[in-house]
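Written out below as structure tokens is the structure these notes cover.
Below, read A as the first sequence line, B as the second, and so on, with proteins coming before strands; counting in each chain starts at 1.
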Amino acid sequence: MPELPEVEVVRRGLARWVLGARLGPVEVLHPRPVRRHEAGPLDFAGRLAGVRVTDVVRRGKFLWLALDDGDAVMAHLGMSGQLLLQPRSTPDERHLRVRIGLQFPADDSAASGRELRFVDQRMFGGLSLEKLVPTPDGLPAGLGAGGRAEPLLPAPVLHIARDPLDPDLDERALIERLRSRRTGVKRALLDQTLVSGVGNIYADEALWRARLHFARPTDQLTRPAARRLLDAVREVMREALAQGGTSFDALYVNVNGESGYFDRSLAVYGQEGRPCPRCGTPVRRDAFMNRSSFTCPHCQPRPRQGRW
DNA sequence: CGCATATCCTGACCGC
DNA sequence: TGCGGTCAGGATATGC
């Protein structure tokens, strides 16, 4: 499942290869992934044709192509979304949903002859055309190509909080907001309006590193504990990015949540019954929020009055 | 308002 | 072989 590190790998790939390209023609093969576009798939395709990509920006799990007409193509990969830069001759993927033609300013671009494909089996994700608006705090919206600070963000991203890798994240304020919540710490981590980019996998991995149980009430967290948790989130995301990012030089942009990182480096997520890498106690799985949470029962003891 | 939960969606997998 | 049930979970709408 694509969380922040996987989306960042895609952003880097796109920034490298799609910057400056003109979009079009656009073909929507399934209406659901463009459901956010009120005027419908045909309008979506028509409006994209001819615009030029000026930057590729990310906040949390949201990604957008800034366009030279002041709008942006916003993308969310949901659970199974992929953005692929494929040769036009490559046969359509089984779950190809949107095809976006690319015209490059120079014929010698390594990406010439390729098109951008949105592939998504389960269609929780999608693409939409959005207005770019200033951030409420006046700080940059996110980082684009070459580390450029972009001042604008798509309107639907306004309520999405800064992510742990954002240099403008106000960590002190976040810690106080976290501690003022009346819920369990994992629920808070997954709340994209508090801090963005964290999904089920990195939440479990960070909680394990910080030795916190997911049901620990947020208002019981000391400031140092909250700080350790945020550091753990950043650390696990940076490590994942380093491993997942090994192939972003290749002319191929891919995310399917099954990079080598997933197989090799997860301490607890998906590891039910396997030994905790720290103490050897078998990892435990609990149902939580209609999904699973993985913990080491020894390193992360359940609080007496936990909030699931 | 803050917090919790139902919903969307497809395909792999399992037991019968 | 087929069938029904379960599971995966990010964002959002709705409920309390």
Fill in the blank from the handout: Of the candidates B:dC9, C:dA8, B:dA12, the side chain of A:Met123 sits closest to B:dC9
Problem - Between B:dC8 (C1') and A:Arg35 (CZ): distance, integer Å - result: 8 Å
Handout entry: Length of the CG-P vector between A:Leu194 and B:dC3, whole Å
Key = 10 Å
Problem - Closest nucleotide among B:dA12, C:dT12, B:dA6 to the A:His159 side chain - result: C:dT12
Problem - Residues A:Arg228, A:Asp231: salt bridge by 4.0 Å N-O rule - result: no
Handout entry: A:Arg285 side-chain proximity, nearest of B:dA4, C:dA8, C:dT12
Key = C:dA8
Exercise for the section: Measure the distance from CZ on A:Phe288 to P on C:dC7 and round it to the nearest whole Å. Expected result: 16 Å
Fill in the blank from the handout: Minimal heavy-atom distance between A:Val283 and A:Ala267, with the atoms involved, is CG2-O, 4.2 Å
Practice task
Counting heavy atoms from C-beta on, name the nucleotide in C:dA8, B:dG11, B:dC3 closest to the side chain of A:Arg181.
Solution key: B:dC3
Practice task
Using atom CG of A:Asn290 as one end and atom C1' of B:dA4 as the other, report the distance to the nearest whole Å.
Solution key: 11 Å
Exercise for the section: For B:dC16, give its Watson-Crick or G-U wobble partner with both distances under 3.5 Å, or none. Expected result: C:dG2
Practice task
Compare the minimum distances between each of B:dT10, B:dA6, B:dA12 and the side chain of A:Arg94, then state the nucleotide with the smallest one.
Solution key: B:dA12
Fill in the blank from the handout: Comparing A:Thr183 with A:Arg291, nearest DNA chain B nucleotide closer to 5' gives the residue A:Thr183
Fill in the blank from the handout: When rounded to whole Å, the CZ to C1' distance for the pair A:Arg59 and C:dA11 reads 16 Å
Exercise for the section: Take the protein atom CG of A:Leu77 and the nucleotide atom P of B:dC8, then report the distance between them rounded to whole Å. Expected result: 22 Å
Exercise for the section: Please figure out whether A:Gln121 or A:Pro156 has its closest DNA chain C nucleotide nearer the 5' end. Expected result: A:Gln121
Handout entry: Closest to the A:Leu190 side chain, choosing from C:dG10, B:dT10, C:dA11
Key = C:dG10
Exercise for the section: Report the C-alpha separation of A:Arg58 and A:Asp163 in whole Å, then their side-chain angles, then the decisive distance to 0.1 Å, and conclude whether the salt bridge (Lys or Arg N to Asp or Glu O under 4.0 Å) test is met. Expected result: CA-CA 10 Å; A:Arg58 181 191 57 75; A:Asp163 61 61; 3.1 Å; yes
Handout entry: Base C:dA8 paired with A:Arg122 side chain (donor-acceptor, <3.5 Å)
Key = yes
Practice task
Could you work out which one of B:dT5, C:dT12, B:dG11 sits closest to the side chain of A:Arg187?
Solution key: B:dT5
Completion exercise
The nucleotide from C:dG10, C:dT12, B:dA6 with an atom nearest the side chain of A:Phe62 is C:dT12
Fill in the blank from the handout: From the candidates C:dA8, C:dT12, C:dG10, the one with an atom nearest any side-chain atom of A:Glu3 is C:dG10
Practice task
Describe the nucleic acid contact of A:Arg36 in one word from base, sugar-phosphate, nothing, applying a heavy-atom distance below 4.0 Å.
Solution key: sugar-phosphate
Problem - Donor-acceptor contact below 3.5 Å, side chain A:Arg97 vs main chain A:His30 - result: no
Problem - Whole-Å gap separating P (B:dA4) and CG (A:Leu189) - result: 14 Å
Exercise for the section: Would you mind checking if A:Asp170 and A:Arg177 are paired as a salt bridge, meaning a charged N to carboxylate O distance below 4.0 Å? Expected result: no
Exercise for the section: Compare the minimum distances between each of C:dA11, C:dA8, B:dC8 and the side chain of A:Ser292, then state the nucleotide with the smallest one. Expected result: C:dA8
Handout entry: Spacing of A:Arg307 atom CZ relative to B:dC3 atom P, expressed in whole Å
Key = 9 Å
Exercise for the section: Determine: side-chain N/O of A:His76 to OP1/OP2 of C:dG10, distance under 4.0 Å, yes or no. Expected result: no
Practice task
Flag this pair as yes if the NZ/CZ of A:Arg187 is under 6.0 angstrom from the six-membered ring centre of A:Phe288 and inside a 45 degree cone about the axis; otherwise no.
Solution key: yes
